[in-house]
Amino acid sequence: MNIVILAAGLGKRMKSDLPKVLHQIAGRPLLGHVLGAAHSLKPNKLVVVYGHGAEKVLAALQAPDGGLPATGGAPAIDWVLQSPQLGTGHAVAQAVPHLDEAHPTLVLYGDVPLVSPSTLQRLREATDGGSAVALLTQVMPDPTGLGRIVRKDGKVARIVEHKDADAETLRIREINTGILIAPTSPLKSWLVALRNDNAQGEYYLTDIIAAAVRDGIIVNTVHPAALWETLGVNSKTQLAELERQHQRNLAFSLTESGVTLADPARIDIRGSLQCGRDVSIDVGCIFEGTVTLGDRVRIAANCVIRDAEIGDDVEVLAMSHIEQAKVGTRSRVGPFARLRPGTELGEDNHVGNFVEFKNAKMASGSKANHLAYVGDAKIGARVNIGAGTITCNYDGANKHQTVIEDDVFIGSDSQLVAPVTVRRGATLGAGTTLTREAPPDALTVSRARQVTVAGWTRPVKKK
Ligand code: UD1
Ligand code: CA
């Protein structure tokens with residue numbers, strides 16, 4: 001099959017400098033969603049008709065999960081500029097030189113992001129092996145503005161655009177979604193014959209239906225499984241509505257797979273979220289990129305988790321922020337913890353409130369329960385990092401490594417001036433500023449000795 005995605009429209013009503021198809025749903029451009037659906041049909045040819053901001057469109061789609069396939073398998077996209085934009089028929093005509101006549105052609109819209117592969121598969125089956133035209137239509141309570149499906153004796157006769165319709169035609173509630181499949185060779189001849197003597201002075205793709213009927217080609221219709229599948233985005237309001245619809249779909253697919261959601265209306269997934277068994281997620285959480293949660297993971301309210309692997313039985317407490325990090329089995333993170341890129345927590349770790357980790361690994365059974373910054377560090381097993389501990393990893397020019405071996409106890413309010421190593425079993429006294437290696441199994445402390453001045457009296461206010 002050939003697939004042509006129409007994406008040249010300006011999208012004036014978006015009131016934005018960004019090309020319409022680059023506005024995002026679930027963190028991915030609208031066009032990326034359509035490309036995803038297109039790829040799932042394994043097309044022989046894939047053509048995108050674009051109009052505005054070609055460089056911006058290409059750059060955005062090349063970003064991770066922008067929509068372009070990272071690896072082979074999918075066909076290269078042929079980008080075709082349509083300028084000026086003279087209508088949907090004119091747009092498809094620009095793609096014609098790229099189409100393979102041996103296969104039928106599917107037309108999708110770059111601003112209709114939620115059409116499902118299964119609906120498109122049913123549409124494909126309605127082409128009677130590629131010879132018929134298959135039209136995706138829908139019965140709408142309010143068809144205002146849309147093309148009407150005119151039938152004769154039950155069979156599709158033609159499509160009439162709202163602006164060209166007479167009073168009787170306007171009463172028809174079956175509308176053209178715009179998505180269709182047509183046999184490519186006759187499609188080419190129908191496109192060449194299009195005229196623009198209509199209310200909008202445009203070359204309507206929809207006029208090919210009457211041409212097909214005239215040529216004795218059967219026109220079959222299919223309805224999408226759900227109404228939202230063929231809704232387009234023309235304004236920020238519609239964008240927000242489709243975002244909610246999409247999030248609702250994602251949330252219910254999670255609950256169907258056994259995940260407990262405190263409120264399916266209060267979770268946002270912008271990427272892929274894989275969950276094990278008996279996972280529960282409280283309200284207000286955002287998952288971005290690729291996130292995996294192991295079995296029995298509990299995520300409390302208002303956490304943001306991006307590109308992370310969370311092991312079995314982990315508990316993430318409220319208001320935690322986790323990015324490009326791994327959390328080992330049975331660990332507890334938060335509340336108010338921040339795990340930055342390169343963090344790898346082992347099993348049974350505790351990382352508590354106001355603790356920040358960055359590019360740091362911690363082995364099993366270690367804890368940093370309160371108020372600490374741990375950056376560029378390698379921490380062994382069963383280590384206790386006291387409140388207020390800071391790895392001074394940055395000298396203003398370069399980053400340096402802190403190594404803390406197994407069974408170390410770091411007293412509260414210590415600064416470890418990297419590069420520095422704390423040997424196995426060492427204890428740092430509270431308030432230590434460590435600038436040289438701390439030897440194993442010994443107490444190292446760097447603070448002025450405590451003195452008591454006998455006979456000292458507090459100053460008193462002068463009268
Ligand atoms: C079109 C259909 C109408 C259908 C409606 C569904 C035509 C003539 N009419 O309406 O029957 O009910 O979609 O939404 O086809 N585009 C281009 N180049 C152009 C014009 C449009 O690439 O020159 C793209 C737009 O970016 C958009 C899609 O085609 O993705 C549809 O265009 P739009 O103007 O929204 O549709 P209508 O013509 O109003
Ligand atoms: Ca439209």
Side-chain angles (χ1 to χ4, degrees), residues 3-14 16 18-23 29-35 37-38 47-54 57 79-96 106-115 133 135-140 142-150 156-165 169-170 172-180 182 187 190-191 194-211 219 221 223-224 227-235 238-239 242:
I3 299 183
V4 179
I5 300 176
L6 302 188
L10 181 57
K12 239 189 229 153
R13 283 199 279 147
M14 298 299 281
S16 164
L18 199 64
K20 174 155 85 173
V21 291
L22 290 189
H23 288 274
L30 296 175
L31 183 53
H33 287 268
V34 181
L35 285 170
V47 185
V48 176
V49 181
Y50 70 95
H52 292 272
V57 172
W79 296 86
V80 177
L81 180 69
Q82 186 204 12
S83 177
Q85 282 128 40
L86 305 178
T88 49
H90 178 257
V92 176
Q94 309 310 301
V96 156
L106 164 67
V107 176
L108 297 174
Y109 286 0
D111 56 2
V112 177
L114 300 187
V115 65
V133 171
L135 202 54
L136 193 64
T137 73
Q138 183 146 274
V139 176
M140 300 275 269
D142 176 12
T144 305
L146 297 164
R148 306 298 206 280
I149 308 296
V150 178
V156 175
R158 61 184 188 279
I159 298 175
V160 178
E161 290 305 300
H162 183 99
K163 286 183 180 151
D164 298 290
T169 309
L170 287 177
I172 297 172
R173 291 194 301 119
E174 185 184 10
I175 60 91
N176 171 35
T177 65
I179 295 172
L180 58 82
L187 172 66
W190 300 330
L191 289 173
L194 286 182
R195 298 161 53 114
N196 65 351
D197 50 355
N198 51 52
Q200 301 181 75
E202 288 183 6
Y203 296 94
Y204 291 163
L205 177 61
T206 44
D207 285 348
I208 69 162
I209 299 303
V219 179
T221 55
H223 294 328
L227 189 119
W228 44 260
E229 281 193 51
T230 56
L231 295 180
V233 173
N234 295 300
S235 66
Q238 290 171 345
L239 183 71
L242 279 195

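Whatever order the structure lists ligands and atoms in, that order sets their numbers, starting from 1.
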Testing the basics here: between [X] and [Y], what is the closest heavy-atom pair and its distance to 0.1 Å?
X      : Y      : answer
Leu194 : Gly89  : CD1-CA, 3.6 Å
Leu108 : Ile179 : CD2-CG2, 3.9 Å
Ile149 : Ile172 : O-CG2, 3.4 Å
Arg158 : Ala210 : CB-CB, 3.9 Å
Lys20  : Val233 : NZ-O, 2.9 Å

Going by distance only, is there an N or O of [X] that falls short of 3.5 Å from an N or O of ligand 1?
X      : value
Leu205 : no
Tyr109 : yes
Gly178 : no
Leu6   : yes
Gly147 : yes
Ala8   : yes

Option whose closest heavy atom lies nearest to atom 15 (O) of ligand 1, chosen from Asn234, Leu180, Thr88: Thr88
Counting only heavy atoms, which portion of [X] has something under 4.0 Å from ligand 1: side chain, backbone, both, or neither?
X      : answer
Val112 : neither
Glu161 : side chain
Ala91  : side chain
His90  : neither

Passing candidate, side-chain contact (heavy atoms from CB on, under 4.5 Å) with Val4, options Leu106, Val49, Val80: Val49
With Trp190, the side-chain contact (heavy atoms from CB on, under 4.5 Å) member among Val92, Ile209, Val133, Leu205: Val133
Would [X] count as a contact residue for ligand 1, given that I'm defining contact as a non-hydrogen atom of the residue lying under 4.0 Å from a ligand atom?
X      : value
Asp111 : yes
Gly87  : yes
Thr206 : yes

Residue [X] vicinity, atoms of ligand 1 by number, heavy atom under 4.0 Å:
X      : result
Thr177 : 6 (C)
Tyr204 : 8 (C)
Ala7   : 22 (O)

Asn234 versus Lys12, side-chain donor and acceptor atoms under 3.5 Å: no
Under 3.5 Å side-chain donor-acceptor pair for Gln85 and His90: no
Nearest-0.5 Å distance that lies between atom CD in Gln238 and atom CE in Met14: 8.5 Å
Polar side-chain atom of His162 near backbone of Thr144 as donor-acceptor pair, under 3.5 Å: no
